[in-house]
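What follows is a short report on a single structure.
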Amino acid sequence: MPDHNESALSRWPVLRQVKNLDPLGLSNSAVSPRTESLAARTKKVDKVAASVCPYCAVGCGQLVYVKDEKIIDIEGDPASPISHGTLCPKGAATFQLVTGSNRVTNVLYRRPYGTKWETIPLDKAMDMVAERVKKTRDANWEGKSENGEPLRRTMAIAHLGGATLDNEENYLIKKLFTGLGIIQVENQARI
Ligand code: SF4
């Protein structure tokens, strides 16, 4: 029998399971030269940073793998007491949060009665937001109640944060809005 046939026969799964004392085929008989040559891309990286999934209040632990100053993968952190290395489908796709080609990186603005989005500079967008907050606050300021009790608030502005905001960002947002007299402040992760 030619060599290549002998080789094919020796690779027959049942023979390998018998030879390796691996009746269920879950151990070394399931390994081929090809699988042995493969390694996860997370094996050869420059650094691994421990982080927390930004998507919801569960706070699953993540490991961020960096090579050549670029993130090459984000996986669950087995050391996390919250998630033990697991991530839900949304958290498992966090890598795309930084690398996804569909990610919008410019400020888009649709003016009143406009039918399409316009790209505007970030500085301009920030000024527009600040001007509108000031104008709305001034026009709807409640200094005192009907009984003369101090209110110092506006009910015309509300804030709903996204779950990608972390504790520190939410702390600053609450400080800012409370300082402006805005009392309707919520976060998606809390809802
Ligand atoms: S989005 Fe999923 S992976 Fe992320 S913290 Fe929430 S449950 Fe965990």
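For ligands, and for the atoms within them, numbers begin at 1 and follow the listed sequence. Basis for what follows: all heavy atoms, side chains included, without hydrogens, waters or symmetry-related copies.
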Checklist entry - For the atom pair SG (C53) and CD1 (I82), what is the distance rounded to the nearest 0.5 Å? => result 12.0 Å

Checklist entry - Of the options V52, L87, D77, which is the one that meets Q62 in a side-chain contact (heavy atoms from CB on, under 4.5 Å)? => result L87

Checklist entry - With a cut-off of 6.0 Å (strictly less than), are more than 12 heavy atoms of other residues, nucleotides or ligands near OH of Y109? => result yes

Checklist entry - Among protein atoms, how many N/O/S atoms lie less than 2.8 Å from atom 4 (Fe) of ligand 1? => result 1

Item to check | Listed partners of R152 passing salt bridge (charged side-chain N to carboxylate O under 4.0 Å, His left out), at least two apart | outcome: none

Checklist outcome for this item: So CG of N28 and CG of D22: to nearest 0.5 Å the spacing works out to 5.5 Å

Item to check | Exceeds 12 heavy-atom contacts within 6.0 angstrom, atom CD of E69 | outcome: no

